[in-house]
Amino acid sequence: QVQLVESGGGLVQAGDSLRLSCAASGGSFNSFGMAWFRQAPGKEREFVAYIGGSGGNTLYTESVKDRFTIFRDNAKNTVYLQMNSLKPEDTAVYYCARRGTIGITRSSRGYDYWGQGTQVTVSS
C-alpha cells in the first residue's frame with residue numbers, strides 16, 4: 001500500500017518562501033512520476049507541478065513558473081516543492097500525488113495515490 005505524507009505548510013507573508021515535502025512509502029518510488037496539486041476554498045483542485053521518476057522531466061502550471069521548483073530525492077523517497085515569492089493567490093491546501101502510469105498529465109484523474117494535504121496560507 002502506497003502512502004504519501006505531506007509536510008511543510010504554514011502561514012507566511014507575501015514574498016516569503018516555503019518548502020513542501022512529500023514522503024512516500026510502499027511501492028517503487030523512483031519508477032513513478034509525482035505531482036503537486038492545490039485546492040483553494042470554493043475552487044477545483046488544480047495542477048501545480050510534475051516531475052518524472054528520474055527527476056529529468058518537469059512541468060509547471062503557468063502561474064508558478066519561475067517561482068516554484070519541484071524536485072525529488074529518490075534515496076529518501078521524497079518529492080519537494082520549493083515555493084518562492086509567494087502570493088496570496090497561492091493560498092490553498094497542497095497535495096502530492098503519484099502518477100501510476102507512463103506519460104505526463106495535468107488531470108487529477110491521472111494520479112492513483114494522494115496525500116492528505118498541507119495548508120499553505122499567504123497573507124498580504
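- Judged purely by atom type and a 3.5 angstrom limit, R99 uses its side chain to pair as donor or acceptor with the backbone of G110.
- A chain of hydrophobic side-chain contacts below 4.5 Å, direct or via other Ile, Leu, Val, Met, Phe, Trp or Tyr residues, connects Y113 to W36.
- Residues forming a salt bridge (charged side-chain N to carboxylate O under 4.0 Å, His left out) with E44 (at least two apart in sequence, or on another chain): none.
- Here K87 contributes atom NZ and D16 contributes atom CG; the two are 14.5 Å apart, rounded to the nearest 0.5 Å.
- Within the 4.5 Å cutoff, the side chain of V93 has no heavy atoms near those of the F37 side chain.
- By the rule that hydrophobic residues join a cluster once side-chain heavy atoms approach within less than 4.5 Å of another member, Y111 and L4 end up as members of separate clusters.
- A search for side chain to side chain donor-acceptor pair (under 3.5 Å) contacts involving S123 returns nothing, not counting sequence neighbours.
- By the side chain to side chain contact (heavy atoms under 4.5 Å, CB included) test, V5 is found to be paired with Q116, residues two or more places apart in sequence or in another chain being considered.
- Under a 3.5 Å cut-off, the side chain of R106 and the backbone N or O of Y50 do not form any donor-acceptor pair.
- Residues L81 and L59 do not share a hydrophobic cluster, clusters being chains of Ile/Leu/Val/Met/Phe/Trp/Tyr side chains in contact below 4.5 Å.
- Ring pair Y95/W114 is perpendicular by interplanar angle, where above 60° counts as perpendicular and below 30° as parallel.
- To the nearest 0.5 angstrom, E89 atom CD is 8.5 Å from S63 atom OG.
- Atom OH of Y94 and atom CG of L18 lie 9.0 Å apart (nearest 0.5 Å).
- Judged by distance alone, the side chain of N74 and the main-chain N or O of G53 form a donor-acceptor pair under 3.5 Å.
- The hydrophobic cluster containing F32, built from Ile/Leu/Val/Met/Phe/Trp/Tyr side-chain heavy atoms closer than 4.5 Å, comprises no other residue.
- Of all heavy-atom pairs between S17 and Q82, the closest is CB-NE2, 4.0 Å.
- Under the rule for a side chain to side chain donor-acceptor pair (under 3.5 Å), the partners of D90 that lie at least two apart in sequence or sit in another chain are R38, R67.
- In this structure A23 satisfies the side chain to side chain contact (heavy atoms under 4.5 Å, CB included) test together with T78, sequence neighbours excluded.
- For the pair Y80 (side chain) and T69 (backbone), a donor-acceptor distance under 3.5 Å is absent.
- Within the 3.5 Å criterion, the main-chain N or O of C96 finds a donor-acceptor partner in the side chain of E6.
- Note that CZ of F29 and CG of N77 are 6.0 Å apart. Values are rounded to the nearest 0.5 Å.
- In terms of heavy-atom proximity, A92 sits nearest to A40 at CB-N, 3.8 Å.
- In this structure, T91 OG1 and Q119 CD are separated by 7.5 Å, a value rounded to the nearest 0.5 Å.
- In terms of hydrophobic clustering, with Ile, Leu, Val, Met, Phe, Trp and Tyr side chains grouped at heavy-atom distances under 4.5 Å, V122 and L20 are assigned to a common cluster.
- Here the CG atom belonging to N57 is positioned 11.5 Å from the CD1 atom belonging to I70, to the nearest 0.5 angstrom.
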